[in-house]
Amino acid sequence: MAALPEVVFVLGGPGSGKGTQCSKIIKEFEFVHLSAGDLLRDEQANKESEVGQLIEYHIVNGTIVPVEITCELLHKAMKASGKHKFLIDGFPRNEDNLSGWTKNMADKTVVKLVLCMDCSDDICIERCMGRGAAGSGRSDDNLTSLKKRLVTFRSATLPIVEHYDKLGLLRRINAERPAEQVVFALLCYFGVMIVTVQPFLEPRGFIRALEFIFAIAAFASVTNFVGSIGFDYDCGTGKTEAVRLTVPYPFHLGSHSENKILCGATKPTKFTFFGDYSSDAQFFVGTGVLSMLWAMITVAVYLLGEQNYRLDKRLRYVDFGLTLVLATFWLAGSGAWANGLSGLKHETDPVEYIRTPQFLYGLDMAKLHNPRSGSFAALTISVLLGFLNFIMWTGNTWFLYKELKDEQGENGVPNQSVPAAAGP
Ligand SMILES: Nc1ncnc2c1ncn2[C@@H]1O[C@H](COP(=O)(O)OP(=O)(O)O)[C@@H](O)[C@H]1O
Ligand SMILES: Nc1ccn([C@@H]2O[C@H](COP(=O)(O)OP(=O)(O)O)[C@@H](O)[C@H]2O)c(=O)n1
């Protein structure tokens, strides 16, 4: 299922710095800033608007405009932006705003965070008066309107702030500090917010995390393997000496030999094997390493850029394509390695070794007794892990394919009917 658009609400008293801080946040993070107050003022300034007068009435009196109007303006602006992440300032401001949003937008958006800018009345008044004096042109930046706006904030908006606090979504910011300090605190909240664990609660991310672990387990069990076999070597004087031969990765047995000085001889005796299983083993290990790298990259993308991933179809096609290729590699690699391992076991079977005609190894095989085989269990497990990886990568290919199919509208903002704006 495609991700819903994300919303961060910014609340706070008049002049607490909501607009100032939002304009700073959008410089650092990919959010669209929508100010409910600005949208209402633009609508009010539109001579053709049927609700202009009603908006003006509420703004001057510091009361709250009916949610049908505000919600429609917000929804239009979200759709028009073509974006997926919104910083909505000055909304929801009362019970009516909250229930209107819940009714129309709650199931089509995700509220990620609610920021509340804490600021005393005195500072709010001082700032708004300063804003008015600097020529804001706002009909409500005067003492009479301000006092009403503060009353509205306390009586209508604070219960909404508490509502989000109970939901665990609220983050309070001391907005009385200089703007640079306030923005620093806010950016920390945003930094934490963009790391999302949500994809790991869904099959795609969950399986990818497992794939990362199992890919490492599969190739490490091969690369770290050093097998061994052993015999007793008959010195011919009634004494025997134990011989241990190693079978190391990458199992290019033909080029691996061991020289042992036996029974006090002056010259070493050369022990060697035949056969080459390195291509099977290395193909398997290469598949494991590639899978680990791809899983690592995608886990980072899911954690830090999930929204971009969901919105950028190319990324998802690349993920789907590479996952499919790696699933195929796991099948081929595990099959080849299973076959290689059975050859390797046969070739390094100490019983077979001492039965081999003498001319092949240049050794007097009659002197070798008591063959002892080492354990190849780790390599058997690696084959099983390989097939397990094949199952996981194939399963994930299916989930990625389903996600591509289940995709929703272009910009991620749902097409929905919004209540008609109320008349004046
Ligand atoms: N931290 C701050 N310190 C001092 N002045 C500020 C601070 N934040 C905002 N201001 C000023 O206060 C006024 C109101 O800020 P604004 O962001 O428009 O508030 P709001 O959107 O909450 O009404 C503006 O003139 C702005 O420059
Ligand atoms: N959700 C909203 C937001 C603002 N408004 C109105 O717009 C006015 C200005 O809001 P604003 O967010 O721009 O300004 P501040 O009061 O936060 O400084 C408010 O006093 C309300 O009258 C509303 O009715 N509903």
Side-chain angles (χ1 to χ4, degrees), residues 6-41 58-59 62-65 70 74 77 85-98 101 111-134 136 138 140-143 145-194:
E6 288 181 5
V7 167
V8 173
F9 290 132
V10 185
L11 298 173
S16 57
K18 300 182 292 295
T20 305
Q21 295 302 330
C22 285
S23 57
K24 290 181 191 293
I25 292 167
I26 57 169
K27 285 189 190 144
E28 306 298 329
F29 293 95
E30 261 186 76
F31 275 82
V32 175
H33 173 207
L34 299 176
S35 158
D38 284 349
L39 290 170
L40 287 168
R41 277 185 288 277
H58 283 290
I59 287 182
T63 47
I64 308 300
V65 176
T70 320
L74 284 170
K85 291 182 174 187
F86 303 96
L87 200 51
I88 300 183
D89 127 38
F91 188 92
R93 239 175 159 112
N94 66 358
E95 195 56 51
D96 175 53
N97 274 191
L98 180 61
W101 177 268
V111 179
K112 297 290 284 185
L113 217 56
V114 178
L115 303 170
C116 181
M117 314 281 288
D118 285 333
C119 195
S120 70
D121 287 5
D122 289 347
I123 295 181
C124 282
I125 292 173
E126 188 189 312
R127 286 185 189 169
C128 285
M129 294 303 281
R131 184 171 63 187
S136 70
R138 282 177 55 162
D140 58 351
D141 276 344
N142 57 71
L143 208 53
S145 290
L146 261 170
K147 283 186 176 157
K148 292 178 185 167
R149 285 155 68 193
L150 282 166
V151 169
T152 305
F153 175 68
R154 306 242 163 265
S155 61
T157 312
L158 281 183
I160 308 303
V161 171
E162 278 158 26
H163 164 79
Y164 283 117
D165 198 6
K166 283 189 193 129
L167 294 181
L169 288 170
L170 188 74
R171 305 288 180 274
R172 287 186 177 279
I173 286 95
N174 174 358
E176 294 185 354
R177 294 171 292 174
E180 301 67 39
Q181 286 182 26
V182 179
V183 77
F184 180 75
L186 283 168
L187 292 180
C188 291
Y189 283 134
F190 274 78
V192 172
M193 193 188 72
I194 59 164

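Numbering of residues begins at 1 and proceeds along the displayed sequence.
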K.L.:
With sequence neighbours left out, write down each residue that passes salt bridge (Lys or Arg N to Asp or Glu O under 4.0 Å) with Arg171, or none if nothing qualifies.
P.N.:
none
K.L.:
Quick one: does Arg93's side chain get under 4.5 Å of Ile160's, heavy atoms only?
P.N.:
no
K.L.:
Given Val161 and Arg172, is the side-chain contact (heavy atoms from CB on, under 4.5 Å) satisfied, shown in steps?
P.N.:
CA-CA 10 Å; Val161 171; Arg172 287 186 177 279; 3.7 Å; yes
K.L.:
Closest approach of Thr157 and Pro92, non-hydrogen atoms and distance?
P.N.:
CG2-O, 4.4 Å
K.L.:
Can you tell me how far the CG atom of Leu187 sits from the CD atom of Gln21, to the nearest 0.5 Å?
P.N.:
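Rounded to the nearest 0.5 Å, the CG-CD separation comes out at 8.5 Å.
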K.L.:
Working to the nearest 0.5 Å, report the span between CG of Leu40 and NE2 of His58.
P.N.:
10.0 Å
K.L.:
Rounded to the nearest 0.5 Å, what separation is found between the CE atom of Met129 and the CG atom of Leu143?
P.N.:
5.0 Å
K.L.:
Between Arg138 and Asp38, does at least one N-O distance fall below 4.0 Å, as a salt bridge requires?
P.N.:
no
K.L.:
I would like to know whether Val8 and Tyr189 meet side-chain contact (heavy atoms from CB on, under 4.5 Å); could you show each step before the answer?
P.N.:
CA-CA 11 Å; Val8 173; Tyr189 283 134; over 6 Å; no
K.L.:
Measure the spacing between OG of Ser145 and NZ of Lys147 and express it to the nearest 0.5 Å.
P.N.:
11.5 Å
K.L.:
Calculate, to the nearest 0.5 Å, the distance between atoms CG and SG belonging to Leu115 and Cys22 respectively.
P.N.:
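So the gap between those two atoms works out to 8.0 Å.
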K.L.:
Of all residues at least two apart in sequence or in a different chain, which pass the side-chain contact (heavy atoms from CB on, under 4.5 Å) check with Ile123?
P.N.:
Cys119, Ser120, Arg127, Glu176
K.L.:
On a heavy-atom basis, which atom in Cys116 and which in Leu170 lie closest, and how many Å separate them?
P.N.:
CB-CD1, 3.9 Å
K.L.:
So which heavy atom on Pro14 is nearest to which on Phe153, and how close?
P.N.:
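Smallest interatomic distance, heavy atoms only, reads CD-CB, 4.4 Å.
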K.L.:
What are the two closest non-hydrogen atoms of Asp96 and Val65, and how far apart are they?
P.N.:
OD2-O, 4.3 Å
K.L.:
Can you see which heavy atom on Ser136 is nearest to which on Asp141, and at what distance?
P.N.:
OG-OD2, 2.8 Å
K.L.:
Nearest 0.5 angstrom please: Asp140 CG to Cys128 SG, how far?
P.N.:
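Asp140 atom CG to Cys128 atom SG measures 7.5 Å (nearest 0.5 Å).
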K.L.:
Do the side chains of Arg154 and Asp121 get nearer than 4.5 Å, heavy atoms only?
P.N.:
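In contact.
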K.L.:
What I'd like to find out is whether the side chain of Leu98 reaches to under 4.5 Å of the side chain of His163, using heavy atoms alone.
P.N.:
yes
K.L.:
Within the 4.5 Å heavy-atom criterion, are Thr70 and Trp101 side-chain neighbours or not?
P.N.:
no
K.L.:
Check Ile59 against Arg41 and note the closest heavy-atom contact, atom names and distance.
P.N.:
CD1-CG, 3.9 Å
K.L.:
Can any side-chain N or O of Lys18 pair as donor or acceptor with the backbone N or O of Ile88 at less than 3.5 Å?
P.N.:
no
